Amino acid sequence: QVQVRESGGGLVQPGGSLRLSCTTSGVIFGFLGWYRGDERVSVASISTTGITRYADDVKDRFTVSRDHANQNVFYLQMDRLKPEDTAVYYCKTALGAWGQGTQVTVSS
């Protein structure tokens, strides 16, 4: 099964930006999703055809993308971060492979 690994979390002030990366160990099918928190609420997703979807509370602030040079790497660009964005962020493949998560803390 494909394995995934997140990176790029950290501490940032409100209004700041972070870019998370999700690296997969192989080809994925369907989509790659980003989730956050203990309940792993969906934040954003990108299909293998490039269709993107966002939760209402991150729309216009977060951007999900796929690396053009390395199709096994995905990004979640997070701008204008708010304290309520603080959470562990996970990525998951359509077949259910979860990463270990990366902590994002938004605080002054």
Side-chain angles (χ1 to χ4, degrees):
Q1 187 179 11
V2 171
Q3 296 180 331
V4 298
R5 179 172 56 86
E6 306 90 344
S7 61
L11 172 64
V12 63
Q13 292 186 341
S17 298
L18 277 177
R19 188 178 77 164
L20 306 183
S21 299
C22 176
T23 302
T24 66
S25 63
V27 176
I28 70 160
F29 301 94
F31 67 90
L32 188 287
W34 285 95
Y35 304 81
R36 65 184 180 187
D38 292 341
E39 296 183 352
R40 306 202 181 188
V41 176
S42 176
V43 173
S45 66
I46 183 167
S47 74
T48 53
T49 58
I51 297 172
T52 57
R53 299 183 187 274
Y54 299 93
D56 288 342
D57 57 344
V58 306
K59 201 173 296 183
D60 299 326
R61 298 190 298 122
F62 290 10
T63 304
V64 59
S65 63
R66 190 175 194 177
D67 192 283
H68 294 297
N70 184 345
Q71 295 283 287
N72 292 345
V73 178
F74 299 81
Y75 302 109
L76 183 67
Q77 176 68 40
M78 305 186 296
D79 298 316
R80 301 194 304 280
L81 282 161
K82 304 175 181 179
E84 51 262 45
D85 294 319
T86 295
V88 177
Y89 284 70
Y90 303 88
C91 57
K92 182 179 77 73
T93 68
L95 295 182
W98 288 94
Q100 82 290 347
T102 186
Q103 176 71 48
V104 171
T105 302
V106 185
S107 175
S108 56

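No hydrogens, no waters, no symmetry mates; every other heavy atom, side chains included, goes into these values. Nothing here was measured: the structure is a model prediction, and the numbers come from that model.
Cluster annotation: Leu20 and Val12 are assigned to the same hydrophobic cluster (Ile/Leu/Val/Met/Phe/Trp/Tyr, side-chain heavy-atom contacts under 4.5 Å, transitive). Taking hydrophobic clusters as Ile, Leu, Val, Met, Phe, Trp and Tyr residues chained together by side-chain heavy-atom distances below 4.5 Å, Val58 shares a cluster with Val106. By the rule that hydrophobic residues join a cluster once side-chain heavy atoms approach within less than 4.5 Å of another member, Ile46 and Tyr54 end up as members of one cluster. Linking Ile, Leu, Val, Met, Phe, Trp and Tyr residues whenever their side-chain heavy atoms come within less than 4.5 Å leaves Ile28 and Phe31 in two separate clusters.
Within the model, atoms OG1 of Thr93 and CD of Gln3 stand 11.0 Å from one another, a figure rounded to the nearest 0.5 Å. Interatomic distance, Leu11 CG to Gln103 CD, rounded to the nearest 0.5 Å: 9.5 Å.
Between Phe62 and Tyr89, the ring-plane angle classifies as tilted under the 30° and 60° cut-offs.
Looking at every heavy atom in both residues, Leu81 comes nearest to Leu18 through CD1-N, 3.9 Å. Scanning all heavy atoms of the two residues, the minimum distance from Val104 to Gly9 falls at CG2-CA, 4.2 Å. When all heavy atoms of Gly37 and Tyr90 are compared, the pair lying nearest together is O-CE1, 3.7 Å. Considering all non-hydrogen atoms of both residues, Pro14 and Ser107 come closest at CD-C, 3.6 Å.
Environment of CD in Glu39: sparse, with no more than 12 heavy atoms of neighbouring residues, nucleotides or ligands closer than 6.0 Å. Open room surrounds CG on Asp38; 12 or fewer heavy atoms of other groups in view lie less than 6.0 Å from it.
Formation of a donor-acceptor pair under 3.5 Å by the Glu6 side chain with backbone atoms of Cys22 is not found in this model. In terms of modelled atom types and a separation under 3.5 Å, the side chain of Thr24 and the main chain of Val4 share no donor-acceptor contact.
Side-chain contact between Val2 and Val27 is absent, with no heavy-atom pair separated by less than 4.5 Å.
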- Message: Quick one, Thr102 with Ser7, criterion side chain to side chain contact (heavy atoms under 4.5 Å, CB included). Give me CA distance, side-chain angles, the key distance, then yes/no.
- Response: CA-CA 6 Å; Thr102 186; Ser7 61; 5.6 Å; no
- ring-ring contact (aromatic ring centres under 6.0 Å, His included) evaluation trace for Phe74 with Trp34: CA-CA 10 Å; Phe74 299 81; Trp34 285 95; 8.5 Å; no
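Each of Arg80, Lys82, Arg36 was scored for a salt bridge (charged side-chain N to carboxylate O under 4.0 Å, His left out) with Asp57, with one residue passing: Arg36.
Between Thr49 and Ser47, the side chains place a donor N or O and an acceptor N or O closer than 3.5 Å (distance only, hydrogens not considered).
For residues 58-67, every residue pair satisfying the side-chain hydrogen bond (donor to acceptor under 3.5 Å, both in side chains) rule, not counting sequence neighbours, is listed here: Asp56-Lys59, Arg61-Asp85, Asp67-Tyr75.
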